[in-house]
Amino acid sequence: MNKKLQHLESGDRIEFPVIHDQRGNLSFVEGGEHIPFDIKRAYYLYDVPGGAERGGHAHYELEQVVIAMSGSFDLIIDDGHDKKRIHLNRSNYGIYIKDMVWREMDNFSSGSVCMVLASNKYSAKDYIRDYEQFLLEAKKRV
Ligand code: TYD
């Protein structure tokens with residue numbers, strides 16, 4: 001794995017390569033090189049209506065990288081101690097989120113697309129959807 005990836009913390013920005021071209025820019029993402037885990041799943045949010053909020057949960061194990069493929073939105077991350085709001089509006093940046101981090105997304109621009117690269121396949125059991133439970137579980141990890 002690329003050494004730069006070994007000390008990433010939640011909320012850190014990962015910059016992907018950009019191949020500039022008059023015909024349009026091209027970016028690429030390689031597991032192990034730009035993403036600190038083997039990518040097992042990609043999912044994306046689109047056609048998000050104005051004012052909608054997504055997320056509102058944490059994961060026991062899942063790690064993710066969130067990318068604004070098009071348009072913009074805000075990502076709010078909370079580890080039980082600190083809360084941060086990050087505005088995403090570039091296709092060549094990703095925000096890393098570790099396990100045990102409460103995340104919310106809002107402020108989606110019209111036509112925006114949010115792509116998420118994930119370290120595991122979908123598992124309902126890996127979700128914590130109750131904020132109080134999340135705080136209790138987060139304390140156990142300290
Ligand atoms: P959820 O993760 O709660 O969405 P968000 O965090 O973006 O608000 O997922 C919404 C629904 O989609 C839920 O019923 C689970 C389902 N889902 C899958 O089946 N596979 C997936 O990879 C994801 C992310 C969600």
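In what follows, every heavy atom counts, from backbone to side chain, and hydrogens, waters and symmetry copies are set aside. Count residues from 1 along the sequence. Computed from a prediction, not measured in an experiment: that's the story for all the values here. Order of appearance sets the numbers: ligands from 1, and atoms from 1 within every ligand.
With respect to Lys98, the side chain to side chain donor-acceptor pair (under 3.5 Å) criterion is satisfied by exactly one of Gln64, Glu61, Glu9: Glu9.
A donor-acceptor pair under 3.5 Å is formed between the side chain of Ser109 and the backbone N or O of Ser72. Side chain of Asn2 to backbone of Gly32: no donor-acceptor contact under 3.5 angstrom is found. Judged purely by atom type and a 3.5 angstrom limit, Ser27 uses its side chain to pair as donor or acceptor with the backbone of Pro17.
The ring of Tyr127 has its center closer than 6.0 angstrom to the ring center of Tyr122.
Among protein heavy atoms, the minimum distance from atom 2 (O) of ligand 1 is reached at Tyr127 OH, 2.6 Å. Counting only heavy atoms of the protein, atom 17 (N) of ligand 1 lies nearest to Tyr122 CE1, 3.8 Å. Atom 6 (O) of ligand 1 has His57 CE1, 2.6 Å as its closest protein atom, hydrogens excluded (heavy atom only). Counting protein heavy atoms only, atom 8 (O) of ligand 1 is closest to Gly55 N, 2.8 Å.
Within the structure, ligand 1 has Arg129 among the residues with a heavy atom less than 4.0 angstrom away.
Checked by atom type, the side-chain pair Glu63/Tyr96 shows a donor-acceptor distance below 3.5 Å.
When the heavy atoms of Arg54, His59, Gln64 are ranked by distance to atom 4 (O) of ligand 1, first place goes to Arg54.
For Leu45, every heavy-atom contact with ligand 1 shorter than 4.0 Å involves the side chain, none the backbone. With a 4.0 Å cut-off on non-hydrogen atoms, Arg41 touches ligand 1 through its side chain and not its backbone.
In this structure, Lys84 does not pair ionically with Asp74, as no charged nitrogen and carboxylate oxygen lie closer than 4.0 Å.
When distances from atom 11 (C) of ligand 1 to the protein are checked, no heavy atom turns up under 4.0 Å. Using a 4.0 Å threshold on non-hydrogen atoms, atom 14 (O) of ligand 1 does not count as touching the protein.
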Pair up each side-chain donor or acceptor in residues 75-83 with any protein partner under 3.5 Å, not counting sequence neighbours, and list the distances.
residue: Asp78; atom: OD1; partner: Gly80; partner atom: N; Å: 2.7
residue: Asp78; atom: OD2; partner: Tyr131; partner atom: OH; Å: 2.5
residue: Asp79; atom: OD1; partner: His81; partner atom: N; Å: 2.8
residue: Asp79; atom: OD1; partner: Asp82; partner atom: N; Å: 2.8

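Atom numbering of ligand 1 starts at 1 in the shown order; those under 4.0 Å from a heavy atom of Tyr43 are 24 (C).
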